[in-house]
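Here's the structure we're looking at; comments come further down.
Computed from heavy atoms alone, side chains included, the values below leave out hydrogens, waters and symmetry copies. Numbers restart at 1 for each chain; the letters A, B, ... are given by sequence-line order, proteins then strands. Keep in mind it's a predicted model, so treat the numbers as computed, not measured.
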Protein chains: 2
Amino acid sequence: MISRKDEPFSRSIQNYLKVIYSHTRENRPVSTLGLAEALDVKPASVTNMLQKLDEFEPRLVNYQKHHGVSLTEDGEKEALRVIRRHRLIEQFLYEVLGYSWDRVHSEAEELEHVISPYFEDRLAEFLGEPAFDPHGEPIPNRDLEVTQDESIIPLSLLPVGKKAVVRRVTAGPQELLAYLGEIGLHPGKGVEVVERNPLDGTSRVLVDGMEKFFGVGVTGAVFVSVAE
Amino acid sequence: MISRKDEPFSRSIQNYLKVIYSHTRENRPVSTLGLAEALDVKPASVTNMLQKLDEFEPRLVNYQKHHGVSLTEDGEKEALRVIRRHRLIEQFLYEVLGYSWDRVHSEAEELEHVISPYFEDRLAEFLGEPAFDPHGEPIPNRDLEVTQDESIIPLSLLPVGKKAVVRRVTAGPQELLAYLGEIGLHPGKGVEVVERNPLDGTSRVLVDGMEKFFGVGVTGAVFVSVAE
DNA sequence: AAAATAATTTAGCCTGGACTAAATTAAACA
DNA sequence: TGTTTAATTTAGTCCAGGCTAAATTATTTT
Ligand SMILES: [Mn+2]
Ligand SMILES: [Mn+2]
Ligand SMILES: [Mn+2]
Ligand SMILES: [Mn+2]
């Protein structure tokens, strides 16, 4: 039983919680190996940290030896706090300081651990309480509620010929993001699949008046909503 | 001999360098005790760190057992980099996010270690390459040059009856700064000493149309330039 | 110049969060 | 079901940067 002492969680702990959160959005309990990769840390270090996290008071994760971890209510709250800061900062860097959207992530990854609650509030206010970050990811509000639009689908599933609007571009490798930005594939832009290879899913896509070719690696990471 | 490895200096090291820099602006080599107080750390820890700093390659400080430390060229460069970031951030918090000037310091104290060179450049540009922070302290420019106005004097030395303009309010305890802000004692404001007690230096001061009473603790920390 | 006091340094310890190598457990396959 | 392989955990280290207590050096006072 480790007491909380009212100190903020360490930067390491915050990173762990955030990664556990995003990974459990998809496949339930996360594996040690998965965390190790995402955090760029060796598996033994992950086990170590999970054991600590598991005996925090109040408990932040549910950890079962050899069966992965998931977040408790409290762990999820904290993860969402970090994510809110991260995305607010990204939005600030993009809108105010003129960063390109492929540069915002690494900077936010550091700042998210350092700004005070007061800074967070002032920044959110200054930005006009934004609901989305530059990649189209939802920013949890002050009460940590996340608005998740149900009606969005990956571009890989958009039927040929249907017009759609880009809603979210999930951060892949920095260079990919840079490229997609250059060709104008941003949230809000219209897109249409003009042809799709039935074998490997490769698509010809009309974006910003130009035709481009994407594999499923790309079309699976771009989310769109079909124009009504 | 400790190699640099091109990693950035740790947050601890940055804080040490910054404090050594400001303390040596006044009284030459800084004492272990002085550093310990300023850094809120025990003297033994300071000695420890100074020994490490002294064998960095390239060397950051000149340290002589029992005779204090001072910065080398390289150490001063690094200190100025941190100070530039600190003051740019303070200016941002004050001008853009609407912080009061007594709240900017503690926030900047953290952020100064975390922002990237790119962030620094973008921020400086966004702010219009400011030369002073909210307290009137000079912000080193991109080449780390500090403009120091020679003609400013502490309010404690301003002759009775001479009109002057506030130029700098050196950060004291937060509450004092908050009070001085409330009564309008900011850089740019006019002031005049209407009477001074010859015994203890206590002064009646006209500021923002109101008369206030200050001890030398205050008047020594407020710097003014005499109106031409 | 000796004694008393103050400042500094040394020695040894601790904590967080990483790592490697070895041991163990779970999963997949024959 | 037994065996091989993959994932995970344990055990023991390391490093930064703190700390306390004891030892040492400087400074001041008598
Ligand atoms: Mn992070
Ligand atoms: Mn994002
Ligand atoms: Mn600092
Ligand atoms: Mn300042």
Side-chain angles (χ1 to χ4, degrees), chain A residues 1-20 23-24 27-57 60-70 78 82 109-110 113-114, chain B residues 1-20 23-24 27-57 60-70 78 82 109-110 113-114:
Chain A
M1 195 187 333
I2 295 172
S3 65
R4 266 290 277 99
K5 296 172 195 161
D6 201 40
E7 284 156 11
F9 297 103
S10 75
R11 116 173 9 213
S12 249
I13 291 179
Q14 290 180 2
N15 282 333
Y16 274 87
L17 294 178
K18 213 176 51 156
V19 172
I20 296 172
H23 278 230
T24 44
N27 34 324
R28 293 270 93 197
V30 203
S31 71
T32 301
L33 203 66
L35 289 179
E37 265 166 32
L39 291 161
D40 193 24
V41 142
K42 297 291 185 256
S45 306
V46 172
T47 298
N48 218 312
M49 179 60 101
L50 293 183
Q51 289 169 348
K52 254 193 304 201
L53 250 35
D54 194 49
E55 47 199 31
F56 254 80
E57 194 57 51
L60 295 173
V61 305
N62 294 312
Y63 167 59
Q64 311 240 87
K65 265 189 187 185
H66 295 280
H67 294 87
V69 250
S70 57
E78 178 62 15
V82 181
E109 199 57 53
E110 296 299 319
H113 309 296
V114 161
Chain B
M1 193 190 329
I2 294 174
S3 64
R4 267 289 277 99
K5 295 174 195 164
D6 201 41
E7 284 156 10
F9 298 103
S10 74
R11 119 175 4 216
S12 248
I13 291 178
Q14 291 181 2
N15 283 331
Y16 274 87
L17 295 177
K18 214 176 48 158
V19 171
I20 296 171
H23 277 230
T24 43
N27 34 325
R28 293 269 90 197
V30 202
S31 70
T32 301
L33 204 65
L35 288 179
E37 265 165 31
L39 290 162
D40 193 23
V41 141
K42 297 290 185 258
S45 305
V46 172
T47 298
N48 218 312
M49 178 61 101
L50 293 182
Q51 288 168 348
K52 254 192 306 203
L53 251 34
D54 194 49
E55 47 200 30
F56 253 82
E57 194 56 52
L60 296 173
V61 304
N62 294 312
Y63 167 59
Q64 312 240 88
K65 267 190 186 187
H66 295 280
H67 294 87
V69 251
S70 57
E78 179 62 15
V82 182
E109 198 57 53
E110 295 299 319
H113 309 296
V114 161

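By the salt bridge (charged side-chain N to carboxylate O under 4.0 Å, His left out) test, B:E37 is found to be paired with no residue, residues two or more places apart in sequence or in another chain being considered. With sequence neighbours excluded, the residues that form a side chain to side chain contact (heavy atoms under 4.5 Å, CB included) with B:T47 are B:T32, B:Q51, B:Y63.
The separation between A:E7 atom CD and C:dT15 atom P is 13 Å, rounded to whole Å. Separating the NZ atom of B:K42 from the C1' atom of D:dA21 is a distance of 13 Å, rounded to the nearest angstrom. The separation between A:F9 atom CZ and C:dG16 atom P is 14 Å, rounded to whole Å. If you measure from atom CD of B:E37 to atom C1' of C:dA6, you get 13 Å, rounded to the nearest angstrom. To the nearest angstrom, C1' of D:dG17 lies 15 Å from CG of B:L35. In this structure, CG of B:N15 is placed 14 Å from C1' of D:dG18, rounded to the nearest angstrom.
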Contact list (N/O, under 3.5 angstrom) for nucleotides 8-12 of chain C vs protein:
{"from": "C:dT8", "atom 1": "OP2", "to": "B:L33", "atom 2": "N", "distance (Å)": "2.8"}
{"from": "C:dT9", "atom 1": "OP1", "to": "B:Y63", "atom 2": "OH", "distance (Å)": "2.4"}
{"from": "C:dT9", "atom 1": "OP1", "to": "B:H66", "atom 2": "N", "distance (Å)": "2.8"}
{"from": "C:dT9", "atom 1": "OP2", "to": "B:T32", "atom 2": "OG1", "distance (Å)": "2.9"}
{"from": "C:dT9", "atom 1": "OP2", "to": "B:T47", "atom 2": "OG1", "distance (Å)": "2.8"}
{"from": "C:dT9", "atom 1": "OP2", "to": "B:Y63", "atom 2": "OH", "distance (Å)": "3.3"}
{"from": "C:dT10", "atom 1": "OP1", "to": "B:K65", "atom 2": "NZ", "distance (Å)": "2.6"}
{"from": "C:dT10", "atom 1": "OP2", "to": "B:Q51", "atom 2": "NE2", "distance (Å)": "2.3"}

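Residues B:L17 and B:V82 are not in side-chain contact: their nearest non-hydrogen atoms beyond the backbone lie 4.5 Å or more apart. With contacts defined as side-chain heavy-atom distances shorter than 4.5 Å, the pair A:V69/A:D54 does not qualify.
Taking side-chain N and O atoms only, A:K52 has a distance below 4.0 Å to OP1 or OP2 of C:dG17. Between B:Y16 and the phosphate of D:dG18, there is a side-chain N or O to OP1/OP2 separation shorter than 4.0 Å. Between A:S12 and C:dG16, a side-chain N or O to OP1/OP2 separation shorter than 4.0 Å is absent.
Of all heavy-atom pairs between B:Q14 and B:F9, the closest is NE2-O, 3.1 Å. For B:H23 against B:G34, the heavy-atom pair with the smallest separation is CE1-O, 4.1 Å.
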